[in-house]
There are 2 protein chains.
Amino acid sequence: MPPSGRLRADAARNRTALLKAVEELLAHHHPAQISMDLVATTAGVGKGTVFHRFGSRDGLMLALIQERAHDLGVAITDGPPPLGPGAPARARLLAFLSAIVDLVSRNKGLLAALGPAIATPTDQGPREAHPVYRTWHGHIAGLAGQERPDLDTDMLAHVLLASVHSEPILDTLARGEGERLDRTLRDLVTALLPERPAPERPDPERPDPEGPGAT
Amino acid sequence: MPPSGRLRADAARNRTALLKAVEELLAHHHPAQISMDLVATTAGVGKGTVFHRFGSRDGLMLALIQERAHDLGVAITDGPPPLGPGAPARARLLAFLSAIVDLVSRNKGLLAALGPAIATPTDQGPREAHPVYRTWHGHIAGLAGQERPDLDTDMLAHVLLASVHSEPILDTLARGEGERLDRTLRDLVTALLPERPAPERPDPERPDPEGPGAT
DNA sequence: GACGTTACTGGACCGCCGGTCCAGTTGTCG
DNA sequence: CGACAACTGGACCGGCGGTCCAGTAACGTC
């Protein structure tokens with residue numbers, strides 16, 4: 001998903017190599033100990049290339065996240081239900097949460113990098129969240145608000161999303177226990193949102209386990 | 001709360017000055033842009049002193065957190081209900097969450113520092129959570145487990161605590177909207193835990209709003 | 001297919017930061 | 001009051017994110 005203008009052949013190749021290198025490194029090392037030099041070396045390019053293309057460390061991390069999140073973004077706006085429009089809000093929300101947990105689990109360490117980069121210190125004042133976070137947050141808040149307009153769904157969305165930046169939870173995900181997080185989030189949402197037909201069996205809206213997301 | 005042995009007079013004075021300096025700086029600047037040199041200068045001591053006493057940047061941050069969290073720790077083990085033992089688990093849990101939100105709100109930026117320092121990269125393998133986090137997490141999981149042993153309360157506790165490391169939520173707290181987080185967490189917990197008498201009015205167990213915590 | 005333009009490349013370089021070290025100093029105890 | 005140990009603090013180190021610019025190689029033009 002390169003930016004608007006086409007890239008020169010070698011530039012595109014290096015861009016891909018860099019993103020792949022970062023992903024690989026993130027899978028095995030803590031983000032704090034991944035230097036830009038290391039990324040460049042792993043990708044087989046010079047450090048100047050990294051900064052020329054991505055501007056900064058955060059830019060690199062955010063580009064990776066944006067790329068991995070792109071498919072999910074398309075799925076929730078144009079895809080088929082229950083992720084896409086058409087299904088009831090509650091079912092869409094459950095599907096979306098599962099998709100996010102899935103996305104984060106399959107890209108181990110991806111969100112660990114997002115944590116530091118999620119907000120850019122615009123100046124000295126408050127900060128601005130990254131587009132990907134804004135999209136996810138808005139989607140959750142919107143869906144929840146359809147069912148429970150009485151709640152502070154804005155804050156609720158932040159709380160639900162917070163789980164995928166939390167170090168202890170990311171550790172758990174890294175150990176392959178992503179389903180525990182998924183189930184816990186589902187429990188929270190089902191407890192909070194009214195379930196129209198049956199009061200106890202949330203299984204029907206279980207989303208397709210291999211939905212959109214990274215490849 | 002100096003470590004076991006008593007401190008030399010000047011050492012104790014400098015320790016206090018350093019913690020106060022960090023707290024002050026955290027209130028006005030993003031943790032990432034607070035250097036150890038700056039802390040030392042602000043406190044009026046040399047950098048060597050900082051490292052001699054606290055070992056590392058994380059050590060300094062954790063010492064500050066531990067000091068602020070101490071009162072709350074005492075309150076939940078020995079204090080009066082609803083925070084301390086004696087009250088029903090659900091009421092204690094609600095009181096505890098309010099106390100944490102209160103603690104974090106009053107120490108703006110304190111937990112922003114915890115985020116990076118919450119887990120120490122023990123070696124290369126997994127990480128170990130800080131005692132303060134372990135205590136909080138265990139308390140929440142234990143209380144929730146008394147009411148809903150069927151849930152994955154271990155993960156639930158992580159999810160609830162995640163909200164106080166989340167950058168967007170910390171921003172909200174910094175703007176003085178701590179009550180929103182408090183209310184949202186209460187909504188989550190009351191939705192999840194059975195309420196024995198009436199099915200809709202969680203007000204009675206509202207804890208004392210000015211409980212224990214930092215001064 | 002040769003050529004000039006232009007964007008890309010990559011390694012040397014910079015300033016800063018966390019952390020170390022040790023000579024000098026100052027509190028404490030017999 | 002003296003001696004010892006603990007504390008102090010600034011010079012110093014390795015490494016990091018980020019900059020710079022001379023060399024290079026891809027693309028449009030004829």
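Letters A, B, ... mirror the listed sequences (proteins, then strands); counts begin at 1.
- Note: CZ (B:Arg57) to P (C:dC16) measures 17 Å, nearest angstrom.
- The two atoms that bring A:Val101 and A:Gly178 nearest to each other are CG1-O, 3.5 Å, heavy atoms only.
- Closest to the side chain of B:Thr49, out of D:dT8, D:dC12, D:dG17, is D:dT8.
- For the pair B:Met36 and B:Arg57, the tightest heavy-atom approach, listed with the atom from each and the gap, is CE-CA, 3.5 Å.
- Checking the phosphate oxygens (OP1, OP2) of D:dC7, a side-chain nitrogen or oxygen of B:Arg53 falls inside 4.0 Å.
- A donor-acceptor pair is defined here as one N or O able to donate and one able to accept, closer than 3.5 Å; no such pair exists between the side chain of B:Arg53 and the backbone of B:Leu60.
- Comparing C:dG10, C:dT20, D:dG9 by their closest approach to the side chain of B:Val45 singles out D:dG9.
- With D:dG9, C:dC8, D:dG18 as the choices, the nucleotide that has an atom nearest any side-chain atom of A:His52 turns out to be C:dC8.
- Here the C1' atom of nucleotide D:dC16 and the CG atom of A:Asp37 are 8 Å apart, to the nearest Å.
- Rounded to whole Å, atom P of D:dG17 lies 18 Å from atom CD of B:Gln33.
- You'll find that the side chain of A:Ala11 is closest to C:dC8, out of D:dG17, C:dC8, D:dG9.
- Within the nucleic acid shown, A:Val50 has no heavy atom closer than 4.0 Å to any nucleic acid atom.
- Residue-level contact check: A:Ile34 touches the backbone only, with heavy atoms under 4.0 Å from sugar-phosphate atoms and none from bases.
- Of the possible polar contacts, none joining the A:Ser166 side chain to the A:Ala162 backbone as a donor-acceptor pair under 3.5 Å is found.
- Across the protein-nucleic acid pair, A:Met36 atom CE and C:dG10 atom C1' stand 14 Å apart, rounded to whole Å.
- Between B:Asn14 and D:dT8, a side-chain N or O to OP1/OP2 separation shorter than 4.0 Å is present.
- Note: CG (B:Leu60) to P (C:dG19) measures 10 Å, nearest angstrom.
- Atom C1' of nucleotide C:dG10 and atom CZ of A:Phe54 are separated by 16 Å, given to the nearest angstrom.
- Atom-to-atom, NZ of B:Lys47 to C1' of D:dG9 comes out at 11 Å; the value is rounded to the nearest Å.
- Counting heavy atoms from C-beta on, the side chains of A:Arg92 and A:His139 come closer than 4.5 Å.
- If you check every strand for non-hydrogen atoms under 4.0 Å, B:Ser35 touches sugar and phosphate atoms only.
- Whole-Å rounding puts the B:Phe51 CZ to D:dA11 C1' distance at 14 Å.
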